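Quick caveat, the model's predicted, so the values are computed rather than measured. Heads up: numbering here begins at 1 and tracks the sequence.
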Amino acid sequence: MKINLKVILGGGLAMYVAQFALSMITGPVIHEGVLTELYQANAQFWRPELNQQPPDMAALMPRWIAVGLIASFILAGIYDNVRSALDGSALLRGAKYGVILFLVNLCISAGWSGVFNLPDAIWLWWNAEGLLVYVVGGAVLGWVTGKLAPEN
C-alpha cells in the first residue's frame with residue numbers, strides 16, 4: 001500500500017470541505033426538516049446534546065469535525081491505492097469511487113438496520129444523503145488528487 005501525503009492531506013481535506021459544505025444544505029432539509037418528527041419519536045437513540053431544547057450542536061461539532069477529517073484522510077489514502085482500477089477523467093474516477101463508498105455504506109446501513117430499531121424512512125433518507133455526499137465528495141477528491149498527484 002502506498003502512502004502519498006499530498007493525496008491524503010490535500011485530497012482528504014478537499015473531500016471533507018466539499019462534504020461539509022453540502023451538509024449545510026442537506027442538514028436543514030433532511031435532518032431538521034423531513035426527519036424531524038421521526039427523530040423526536042426515536043429520541044432514545046440520539047446523544048443527550050441532540051435531545052436538549054434547542055439541540056446543542058456546538059457541543060458535538062468538535063467530534064463531528066475530527067471524525068469527518070480522519071475519515072476523509074483514510075478514504076483519500078484508500079482512493080490513491082485503487083484509483084488506477086477506475087477509468088475516465090480524474091473527476092469521473094473520483095465520482096465512481098464515491099458510488100463505491102455509497103454502496104459500501106448502503107450495505108453497512110442495511111446490516112445496522114437489523115440491530116437498531118429505527119424506522120425505514122430514517123435509513124432511506126440517511127442513504128439518499130449518503131449517495132449525494134459520497135459522489136460529490138468523491139468527485140472533488142478525484143479532481144484535486146488529479147491536480148496534486150496525477151497518475152503516471
Parallel, tilted or perpendicular: which describes the rings of Tyr79 and Tyr97, with under 30° parallel and over 60° perpendicular?
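Ring orientation, 0 to 90° scale: tilted.
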Donor-acceptor check, side chain of [X] to backbone of [Y], threshold 3.5 angstrom: yes or no?
X     : Y      : value
Asp56 : Ala59  : yes
Lys96 : Asp87  : yes
Arg93 : Gly142 : no

Show your reasoning for whether side-chain contact (heavy atoms from CB on, under 4.5 Å) applies to Leu60 and Arg47.
CA-CA 9 Å; Leu60 293 173; Arg47 291 184 168 276; 3.6 Å; yes
Would you say CH2 of Trp112 has more than 12 non-hydrogen atoms from neighbouring residues, nucleotides or ligands within 6.0 angstrom?
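Open: at most 12 neighbouring heavy atoms sit under 6.0 Å from CH2 of Trp112.
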Has Glu37 got more than 12 heavy atoms of other residues, nucleotides or ligands less than 6.0 Å from its CD?
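Counting other residues, nucleotides and ligands, CD of Glu37 stays at 12 neighbours or fewer.
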Verify side-chain contact (heavy atoms from CB on, under 4.5 Å) between Phe102 and Val133, making sure each step is shown before the conclusion.
CA-CA 9 Å; Phe102 162 71; Val133 168; over 6 Å; no
From CA spacing to verdict: side-chain contact (heavy atoms from CB on, under 4.5 Å), Lys6, Thr145:
CA-CA 8 Å; Lys6 283 198 285 187; Thr145 298; over 6 Å; no
Euclidean distance, [Y] [atom2] relative to [X] [atom1], rounded to 0.5 Å:
X      : Y      : atom1 : atom2 : answer
Leu38  : Ile122 : CG    : CD1   : 5.0 Å
Ser113 : Leu124 : OG    : CG    : 11.5 Å
Leu141 : Leu101 : CG    : CG    : 8.5 Å
Ile30  : Thr36  : CD1   : OG1   : 11.0 Å
Asn81  : Asn4   : CG    : CG    : 9.5 Å
Ile78  : Ile8   : CD1   : CD1   : 10.0 Å

With side chains defined as the heavy atoms from C-beta onward, is the minimum distance between [X] and [Y] less than 4.5 Å?
X      : Y      : answer
His31  : Trp125 : no
Asp80  : Arg83  : yes
Phe45  : Tyr39  : no
Trp126 : Leu35  : yes
Asn105 : Leu131 : no
Asn42  : Pro119 : yes
Phe73  : Met15  : no
Val17  : Phe20  : no

When you group the ILVMFWY residues by side-chain heavy-atom contacts below 4.5 Å and let the links chain together, are Trp64 and Ile25 in the same group?
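Per the 4.5 Å side-chain linkage, Ile25 and Trp64 are not co-clustered.
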May I ask you to say whether Arg63 pairs ionically with Glu49, meaning some side-chain N is under 4.0 Å from a carboxylate O?
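Salt bridge: no.
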